[in-house]
Amino acid sequence: MGDVVRRHPAGEMMLEEALDSNEIRKLDLQDDPLDARRYPIDPWRFTEYGEPSAESATLFSLSNGTIGVRGEANAPRNLGSGTFLSGFHETFAIRHAEEAYGFARVGQVVQGVPDTVDFKFCVDGKELGKAQQVSQSLDFKDGTATRSYVYDIDDGVSLEVDIVTMVCLFRADLMATALTFKARGRALNVHVEGKMNTDQPVVSRDVDPRKADLIADGGLRKLEVDAISRGVADESFGAFHCLHSELTMGVGFCQQIDGEMVPAVFDVAVPDGGEKRVLRYAAYNTYRINPIGIDEGLQVSTIETQNSVELIRLCAQTLNWAVAQGFEALQEQQRAWLSRFWQESDVEIDDGGDGRLRQTLRWELFELAQATATVPNGVSAKGLSGTGYSGHYFWDTETYIAPFLIYTNPARARDILSYRFRMLPAARKRARIMSMEGGLFPWRGINGEEASAFFEAGTAQYHIDADIAYAVCQYVAVTGDHEFLASEGIDILVETARMWASLGYMGWDGTFHINNVTGPDEYTALVDDNYYTNVMAQFNLRKAADALESLEGEELNAVVQRLSIKPGESMRWREIAELMKLPYDKKLGIHLQDDDIMRRETWDFEHDTERPLLLHYHPMVIYRRRVLKQTDTVLALYLLSSQFGLDVKRRDFDFYDPLTTGDSSLSAASQCILAAEVGYGDLAMQYFLESLYADVANLHSNTSDGIHLASAGGVWMSAVAGFGGLRDSGGEEFSIDPHLPRDWGSLTYRLTVHGSRLVVNVTHGEVSVRRLSGDPVTLKVKGELRTV
Ligand code: IFM
């Protein structure tokens, strides 16, 4: 871990040192950042040999977006194993030391639920202690995690235990585990204790705001349910509810040896030199009344025994189905799901390297698949792989994860956007509290209510409305799904446009201003006319008007009634968009991040080198300086690419990039994309590797809290948009203009556009686009229109 000097093409130089825990780690990413003996290179598998850590529990977690199970960790429960369910959270009253009207009131924290993959083994009446050999791995084609242990029993006698777990990508409520015991030296009788583990991951609060909030008096309570009366053993089934949020969940499992059902505590006779297999199936369900709910869009639940009985009955039903299928058949379905996933989503790189880059890229794509396969709600910043950011959903979903889904699995993208549609009643309510019209989506949270207690870098990030609207437009343009636009998308576009129209005002200078907001860069807060916010709001307003004006007849009538559209409303949005203030410095020829950026003192990059700044400096110290946590204007240059010429993109990038610390893992992707576009190939590669290795090399020192999922989406964006050159400007114009890294031989990626499946292959001499299925598609390739 030596010092790394990053030379910026614009002439700036930054010295970044390798730092201690909780700090940003700067490694020389051109070399393999992992120890290849501990983490061998394999294109379709990620394996770790040796004692696992809190980071391993994240890296080897399994999920389908509904259930998430952390991998093995030799760490306390708060950093170690744990199981989570989408949307399942506990709440608490936020107590502000100094109150004010409209502050967020309800804190929300992802709640761990009982584990069904914790086992204890005894041989000859003694509990097995530490295994002599340990490994765990994730298989990207099988969709399984395998944990292997070898225990020395006595001289020449050993027991090997392999635990293969699959969280079903093809069915939301099910996971399955196969335990294989192998005895060497003599026959062994293994006593297995496999009760559900109801110790919940205890989340710890410290000064790091990226961790979860601690709820002292909340958490799961077991409900009394008469399970035996329905013929199931009590210890294998349970219903629990959260004390404050009142959400209820049910869990059930069963296991078989040689086709016979056995209880949760059982004995296995393993012959010498032979093996014995135990199969376990586990089902999870949560209970919710009407997701858009009686309480204005909040997910709510009641704790009637009725519901817990129903939950357990549903779990039992799923288990019956799973047992009838059998483990092999479930494995087949898992493989089939992933085979389709890789056909539609794989990105292949010929980088001439040892394969680490390709392996890690697949790991990132696999994480995206796991986090979204069946997700019924929003996608949280960590997926279901840990408690970081309290399990909250942010703009990460729409800006960093949705593009991947829109181009590879449009049906899933639609489901995720539908979740925002279902949250509109809560967004409307929040807008009223904030004295605005339309709808204001929460900056962060789980149940649709604003959960950010630090409004300066929370609620003030109004740009979330435009980010969601952008994803709606991108989805509709890439898929041609007019039905979604007319039934749900239009509601999002209209309510967000109304929010912008009421948030800003027409100034004496004849331009429309939006004051006192925070853009994506969280090291600059509460500014006037943030460029990103204004230009994205402008896009939002225009697109809402376009969408409304594109509707006709019955569809239009329905929307006018449903949303009480006023005469001339869309004209007003167009007028505001036209007059939107977009700060620009004529002398420097650059867009200004906000009205005041030039008045702020520059950060002393030479002396104040501790990173991330948020752990070392009071927010006020940071806010008054010219320093960026993550891309802001530069992100707009990518999202709305067709609005900007190459020269201004380069000038903006040269100005902002040296000021950007990259303390947020969301930053590197857009830095990569813009660097590649403006011709800084080596720098683009550095940013690509920073995104790629963010988790596996623990670059932000908090992988233990969960995967940086937006960064995983950013890896896909960097490959496909950065080096692969794909742009759509939110659906304005489709083009491919690649910037293949000097050392790479080729890059191949897959896209689904208007239902047609395409494969794009880029080499230094050529860009080929092949159509695998569907109707012809017209795209601009290297500036020329091509019909594929
Ligand atoms: O949404 C992001 C934000 O942009 C930077 N801080 C972390 C959040 C969650 O990933």
Side-chain angles (χ1 to χ4, degrees), residues 22 24 58 108-110 207-213 364 367-368 371 378-404 420 441-446 450-468 470-471 517-525 530 532-533 536 593 611-615 619 622-623 627-636 638-639 660-671 690-691 694-695 699-715 717:
N22 271 348
I24 303 267
T58 295
Q108 304 151 38
V109 180
V110 61
V207 288
D208 187 342
R210 299 168 298 180
K211 296 199 183 290
D213 279 309
E364 299 279 5
E367 292 309 325
L368 288 170
V379 184
S380 72
K382 305 289 178 189
L384 293 171
S385 67
T387 57
Y389 287 115
S390 297
H392 289 177
Y393 320 144
F394 294 78
W395 68 314
D396 304 32
T397 312
E398 285 75 18
T399 306
Y400 291 85
I401 295 160
F404 166 73
R420 292 292 191 183
F441 287 98
W443 170 244
R444 60 185 288 179
I446 300 176
E450 177 62 272
S452 170
F454 185 62
F455 71 86
E456 295 86 337
T459 300
Q461 294 201 48
Y462 295 90
H463 67 84
I464 186 144
D465 265 30
D467 304 326
I468 294 169
Y470 180 95
V517 304
T518 300
D521 164 30
E522 295 179 338
Y523 285 170
T524 314
N530 166 253
Y532 177 92
T533 304
M536 292 293 285
Q593 183 168 313
R611 300 284 185 280
L613 302 190
L614 63 100
L615 294 185
I622 302 173
Y623 295 165
V627 59
L628 277 64
K629 182 180 186 191
Q630 61 209 92
T631 52
D632 198 287
T633 307
V634 164
L635 178 59
Y638 159 58
L639 294 177
T660 308
T661 58
D663 283 357
S664 163
S665 68
L666 275 64
S667 196
S670 40
Q671 288 175 283
E690 281 179 18
S691 285
D695 278 315
L699 295 184
H700 293 263
S701 297
N702 59 2
T703 294
S704 54
D705 298 332
I707 289 157
H708 294 85
L709 212 61
S711 177
V715 170
M717 275 159 56

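In each ligand, atom 1 is the first atom listed, and ligand 1 is the first ligand listed. Everything numeric in this text was worked out from a predicted model, so none of it was measured.
Using a 4.0 Å cut-off between heavy atoms, Gln630 contacts ligand 1 through its side chain alone, with no backbone atom that close.
Not close to ligand 1: His392, with no non-hydrogen atom less than 4.0 angstrom away. Note on ligand 1: His708 sits outside its first shell, no heavy atom being nearer than 4.0 Å.
Looking from atom 6 (N) of ligand 1 to the surrounding protein, the closest heavy atom is Glu522 OE1, 3.2 Å. Nearest non-hydrogen protein atom to atom 1 (O) of ligand 1 is Asp396 OD1, 2.6 Å. Atom 7 (C) of ligand 1 has its closest protein heavy atom at Tyr389 OH, 3.1 Å.
Considering backbone and side-chain atoms alike, Ser664 places every N or O at 3.5 Å or more from each N or O of ligand 1. Any N or O atom pair closer than 3.5 Å counts here, and Trp395 shares at least one such pair with ligand 1.
With 3.5 Å as the limit, one finds a donor-acceptor pair spanning the side chains of Tyr532 and Asp467.
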Exercise. Stepwise, does the side chain to side chain contact (heavy atoms under 4.5 Å, CB included) test hold for Gln461 with Val517?
Worked result: CA-CA 6 Å; Gln461 294 201 48; Val517 304; over 6 Å; no

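Between Leu613 and Val627, the closest side-chain pair of non-hydrogen atoms falls below 4.5 Å. In this structure the side chain of Tyr393 reaches within 4.5 angstrom of the side chain of Ile446, judged on heavy atoms. With contacts defined as side-chain heavy-atom distances shorter than 4.5 Å, the pair Trp443/Glu450 qualifies. Here the side chains of Lys382 and His392 are not in contact, with every heavy-atom distance at 4.5 Å or above.
Listed by atom number, the atoms of ligand 1 under 4.0 Å from Leu666 heavy atoms are 2 (C), 4 (O), 10 (O).
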